Chemist: 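This structure is in structure tokens; I'll ask about it shortly.
Please read all numbers here as calculations on a predicted model, not as lab measurements. As the structure lists them, so they are numbered: ligands from 1, and atoms in each ligand from 1.
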Amino acid sequence: MSANLPLRPDLDGEAPYGAPEIDVPVRLNVNENPHPPSAAVIESIATAVAQAAQGLNRYPERDFPRLRAALADYLKAESDAHPAPEQIWAANGSNEVMLHVLQAFGGPGRTCLTFTPTYSMYPEYARDTLTDYVTRPRREDFTLDADAAVTAINELRPAVVILASPNNPTGTALPLEDIRRILEAARGHGPMLGAGIGSPARASDCVVVIDEAYAEFRRPGVPSALELVGSANPHLAVTRTMSKAFGAAGLRLGYLAADSALVDALRIVRLPYHLSAVTQAAALAALSHREELMAQVASLRNERDAFVDWLRAQGLTAHDSDANFVLFGPFPDRDTVWRRLLDAGVLIRVVGPEGFLRASIGTPAEMERLRRALVAAIGG
Ligand SMILES: Cc1ncc(COP(=O)(O)O)c(C=O)c1O
């Protein structure tokens, strides 16, 4: 008998999100870190998880204070920011962190605004929280038109604006002046909050999320929005993840820094005990190796810059990238190029503007294989 389920009408015909999971020698399609954890990191994680296992009959720490303190400490070392542990929130990947933001601030009759091309999960957070999803285009070079963003915020009164910096799939980072202007425009331009008996309707602030999933890969001199976090900007949240630079995509640990009142709003919508004791223990152990893990980032950055130069030397357009991937093209038939690379054992991603492809930065050997496969794919 075929299923006769009461699926929400807006989910009818929707497919689960995800890039193809194809087992090939060189996987450069989902912006992972190509380096597996070192023996020392594996040993620390194994010891921490074994210890956590002794208490698995109990629920984990619900608001994980030790992990929040360790993440705050990491951000201090990584940027010019000084968040307090109460200004940190975490969940199973930054995807879940941003879903918490939409659960707390979005909802029916409210709008989430973003600027395309950008990360393709944003419409899903909006859909899943019954929030209207509205996009405006980035400029042709993928930078953000701050004037257009200000106009859109004034017009739409969105509950949440999400801006990826560096942006996926383009690699473009946002200047702090633009973020400051958007934060200013967002003040008092969120949804109107209902009038009550004796109290008039009032305008809320729109929450501005700067998605810095790839921030550790930014080029020297490119600032992080973390330095704007705090009581001066109570409507700003900056999200980060251990999935990319930290080389721990399998761990599922994303986090954000924001004023503590915003964090407290997220605590309302999280499920109790959403971060398992095993995740908390493994994340704490990985964070204790941050220097070693961050050393890899420098070599990936160099590899990225060399790849951009090489692509340009081939006569292709390669966009400047502050992330661990590069968007390049244009190809008259990008699907054929993608297929030829796959046949040569190299998986990249068909994403972004027509004619363009995106490749994550791999090890030097993987990049050499990509370059050779690309020359062959374009040549014939
Ligand atoms: C821009 C951006 N934000 C967020 C994420 C989510 O990362 P995670 O949920 O692994 O932290 C990704 C993943 O590719 C991304 O590209």
Chemist: Taking 4.0 angstrom as the limit, do Asp141 and Arg139 come out as a salt bridge?
Modeler: no

Chemist: Before you tell me yes or no, could you show the steps for Tyr74 and Phe246 under ring-ring contact (aromatic ring centres under 6.0 Å, His included), namely the whole-Å CA-CA distance, both residues' side-chain angles and the distance that decides it to 0.1 Å?
Modeler: CA-CA 11 Å; Tyr74 166 71; Phe246 232 89; 5.3 Å; yes

Chemist: Is it true that Glu216 and Lys244 have a side-chain N and a carboxylate O under 4.0 angstrom from each other?
Modeler: no

Chemist: Does the ring center of Tyr133 lie less than 6.0 Å from the ring center of Tyr125?
Modeler: no

Chemist: Collect the protein residues that have a non-hydrogen atom under 4.0 Å from ligand 1 and hand them over in chain and number order.
Modeler: Gly93, Ser94, Asn95, Met98, Tyr119, Asn168, Asp211, Ala213, Tyr214, Thr241, Ser243, Lys244, Arg252

Chemist: Could you check if a side-chain atom of Glu292 sits within less than 4.5 angstrom of a side-chain atom of Ser38, using non-hydrogen atoms only?
Modeler: yes

Chemist: So Leu102 and Tyr122, do their side chains get closer than 4.5 Å, heavy atoms only?
Modeler: no

